[in-house]
Amino acid sequence: MTQPIIVAENLTKKYARSQHKHKRYALRDLFAEIRGRRPEDAELRPDEFYAVDDLSFSVAPGEAVALIGRNGCGKSTTLRMVAGLIKPDRGRVAVRGRIQALIALGAGFNDRLTGRDNIFNNAAVLGLGRRQTDAIVGEVIDFAELDEFLDSPVGTYSSGMKARLGFSVAVHLKPDILVVDEVLSVGDLAFANKCQLKMQQMRQRGMTLLLVSHATAMIRRICDRAIWLDRGKPRMAGNTEAVVDAYVEHMSDEKPKRKGPVHSRFEVQNHETSQVDRIDAWIAGEPGQGVVNPLGSFSIQFAFDLLKPVQNLMIGFVIYTGDGGRVCMQTTRGDDRLKGAICGRVSATFDCVNLPMPPGHYHVIMIVANGGANLFRDKVGELRVRGEPDKGLGYLQMPGAWRFELVEDHKPAAEAQRV
Amino acid sequence: MNSPAQPADVHTTDAKTLSLRATLREMAAGAVRGRYLAWRLFRRENKSEVSSSFFGYLWYFADPLILALVFVLLRRGGVIEAEGMQMPYGVYVVFGMLLLQVFLDSLARPVGLIERHSHLVTQVKVPPESLLMAQLLHQLFMASFTIPILLFVAVVLDAFSPVGFLIFLLLFPVMVLLGFSISVLLAPLNAIYNDVQNVIRSLNRPLLFLCPTFYYAGRDDSVLGVINQYNPIAIVMDNLRLIATSGQWHSPVSLLLVAVGAAVVLAGGALFFHLAIPILAERV
């Protein structure tokens with residue numbers, strides 16, 4: 001059996017909440033380190049909390065593992081311990097092979113220096129010598145696609161250009177293990193795709209990847225396994241699809257802590273609640289409530305009370321994927337039937353035929369607005385399109401069918417004779 | 001690409017001082033491995049400083065030179081006594097001011113090293129020794145700009161000993177080392193509490209008056225005499241000034257003791273710095 005390339009056992013890390021205690025404990029830990037007496041256990045001191053709590057996992061060579069979870073759940077702290085940047089308070093982590101941490105792009109960049117100078121500085125920071133940098137500098141420049149700006153100060157670059165330069169240096173170092181913290185979606189869409197393609201190439205060459213990201217779609221594409229962290233503790237680990245699905249489900253079901261909607265993934269913000277009341281929504285599909293067959297029909301019906309007259313009423317809905325990707329938006333904008341002061345109970349129905357969405361689980365967000373100002377915007381239901389999820393990618397299942405034709409037959413001669 | 005058979009790099013909670021020999025080996029390896037990085041960081045800092053200023057390095061010695069001119073004027077006006085000096089007052093005061101400037105700069109800048117490089121130590125595992133080497137190179141480079149001025153003043157004011165000046169050049173780094181070693185020892189503490197830097201800043205003025213920069217202080221029983229007898233800055237300053245201008249030694253044994261002491265403090269400071277970086281990387 002192959003020996004794991006990363007083994008983390010009972011990793012625990014604690015931090016203080018207040019700045020004052022944070023500094024006091026830093027001083028205490030520093031002198032404990034000097035005296036050779038680090039605390040034997042990770043008992044919490046006053047005002048401390050566990051950023052990572054008793055986390056164990058291992059990663060096989062060539063595997064890609066994602067750490068997912070809400071902000072502040074300990075993903076980045078775990079990466080830093082694996083990369084050896086910070087010490088655990090309990091437990092241990094063993095790493096075999098050359099590890100490269102991409103916690104932030106462009107470490108060592110100086111805005112006053114040129115792009116070319118910064119390539120050399122960044123490469124040196126990441127552990128390359130002069131000759132090694134000379135050997136990769138051409139590839140780095142080509143990959144970054146910044147040739148014409150290379151002799152300009154980096155301070156004149158946009159943040160996307162800086163990130164491109166930083167990423168280009170980092171991916172040309174060819175580490176055994178790449179530890180990445182939310183830096184794969186750099187630059188414009190084309191460059192982000194190029195980065196992800198490069199990452200896949202590096203994986204094909206056997207590189208191990210430990211990734212922290214909120215981009216669940218990318219995690220599904222790149223990673224073999226996922227570990228879901230919740231308040232520093234491992235909540236679920238295993239097959240990427242299963243863990244990401246459970247995480248996404250959990251996030252969308254999570255009850256808001258504050259009054260008002262907080263489905264941030266679905267672009268829901270606090271809205272004016274004093275004007276809209278008794279909101280009802282029905283999603284009627286074939287074969288049933290909230291379920292539709294591929295290319296089937298369904299209806300969305302909304303009903304609500306307008307408590308005050310609204311001059312420019314707009315009703316609509318947005319359909320999102322579980323990852324927060326906006327699939328479509330339908331509104332009554334431009335419909336003259338809703339002009340004028342409207343007050344009272346309103347009902348609106350949208351009928352859809354031949355729904356062109358691929359199989360999957362979707363979220364329906366209802367919007368009631370007065371002109372551009374939202375009076376209500378929140379999740380009102382879910383929609384499931386039945387069927388096999390593997391036939392295609394994207395937000396659209398194009399109506400139509402494949403046709404096949406063998407234009408030229410190039411069978412080997414022997415086989416042709418036999419025929 | 002992967003080489004799982006190779007020995008594992010293990011990160012635990014254990015204090016590194018528990019295995020001092022291994023830590024010292026790690027430091028030595030870090031110094032070797034980090035020498036190119038040190039060179040790049042040194043170049044980066046210099047380029048960055050020059051690019052942001054029209055007069056560049058001129059500012060480094062403009063302030064002490066202006067102050068030296070003021071003292072020369074005060075001396076001519078009879079405000080300052082200049083008894084016991086073995087060289088023209090102008091030479092004495094220019095050497096004193098510039099040597100003090102070298103010390104103060106070597107003390108003030110490295111203490112903020114961890115904060116200045118916080119973006120590095122929190123994101124990349126760089127050998128701490130490379131940061132120290134880059135800073136030491138920078139301090140020596142900056143200090144070297146005072147040498148042509150000192151040479152010029154000594155020659156023009158007829159207080160120049162060719163052999164003495166060569167010895168001066170060899171011993172000149174001791175002044176840098178003195179400030180640098182104290183600063184490196186304090187740098188981890190400054191990363192936690194900035195008060196350290198404030199204390200150092202508040203020492204600038206008192207040191208100007210407590211060191212024999214613009215007045216002569218003999219090693220007598222007076223308060224100033226006693227202070228200067230044990231003040232390492234005064235010991236290095238007096239020795240360097242006298243050897244450069246006359247080729248004579250002031251107190252070579254004291255100078256040797258200061259140099260050895262600074263080297264010991266630097267070694268301890270470098271160890272402290274090395275041990276502190278992983279602790280501070282999560283807190284700066």
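All chains are named by letter (A, B, ...) in the order of the sequence lines, taking the proteins before the strands, and each is independently numbered beginning at 1.
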Compare all side-chain heavy atoms of Leu41(B) with those of Asn121(A) and state whether any distance is below 4.5 angstrom.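 Side chain of Leu41(B) against side chain of Asn121(A), heavy atoms only: no contact under 4.5 Å found.
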Is it true that, when you exclude Lys23(A) itself, more than 12 heavy atoms of the residues, nucleotides or ligands shown sit nearer than 6.0 Å to its NZ? yes
Atom CZ of Arg35(B) with >12 non-hydrogen neighbours under 6.0 angstrom: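 Counting other residues, nucleotides and ligands, CZ of Arg35(B) stays at 12 neighbours or fewer.
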Region of [X] in contact with chain B, defined by heavy-atom distances below 4.5 Å:
X         : result
Val82(A)  : backbone
Tyr25(A)  : both
Leu128(A) : backbone
Ala83(A)  : backbone

At their closest point, which heavy atom of [X] faces which heavy atom of [Y], and how far apart are they?
X        : Y         : answer
Leu30(A) : Pro188(B) : CD2-CB, 4.2 Å
Arg24(A) : Tyr193(B) : N-OH, 3.6 Å
Leu85(A) : Ala281(B) : O-CB, 3.5 Å

To the nearest 0.5 Å, tell me how far [X] [atom1] sits from [Y] [atom2].
X         : Y         : atom1 : atom2 : result
Asp117(A) : Arg43(B)  : CG    : CZ    : 6.5 Å
Ile192(B) : His22(A)  : CD1   : NE2   : 9.5 Å
Ile279(B) : Leu27(A)  : CD1   : CG    : 11.0 Å
Arg130(A) : Arg40(B)  : CZ    : CZ    : 6.5 Å
Arg44(B)  : Arg112(A) : CZ    : CZ    : 11.0 Å
Leu11(A)  : Thr12(B)  : CG    : OG1   : 11.0 Å

Just give me the residue among Asn110(A), Ile6(A), Val7(A), Thr133(A) that pairs up with chain B most often, heavy atom to heavy atom, under 4.5 Å. Asn110(A)
Is Arg80(A) reaching over with its side chain to a backbone N or O of Thr122(B), donor-acceptor style, under 3.5 angstrom?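 It does hold such a pair.
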Taking only residues two or more places apart in sequence or in another chain, which ones pass salt bridge (Lys or Arg N to Asp or Glu O under 4.0 Å) with Asp105(B)?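 Not a single residue meets the salt bridge (Lys or Arg N to Asp or Glu O under 4.0 Å) criterion with Asp105(B).
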Pairs under 3.5 angstrom only: tabulate donor-acceptor contacts from the side chains of residues 199-206 of chain B to other protein residues two or more places apart or in another chain.
from, atom 1, to, atom 2, distance (Å)
Arg201(B), NH1, Asn198(B), OD1, 3.3
Ser202(B), OG, Asn198(B), O, 3.4
Ser202(B), OG, Val199(B), O, 2.7

Can you list everything that forms a side-chain hydrogen bond (donor to acceptor under 3.5 Å, both in side chains) with Ser18(A)? Sequence neighbours excluded, please.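 Here the qualifying residues are Asp47(A).
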For residues 124-140 of chain B against chain A, heavy atoms under 4.5 Å, the residues are Val124(B), Lys125(B), Val126(B)
Audit row: Glu282(B), Tyr15(A), side chain to side chain contact (heavy atoms under 4.5 Å, CB included) steps and yes/no: CA-CA 9 Å; Glu282(B) 64 195 54; Tyr15(A) 286 128; 3.8 Å; yes
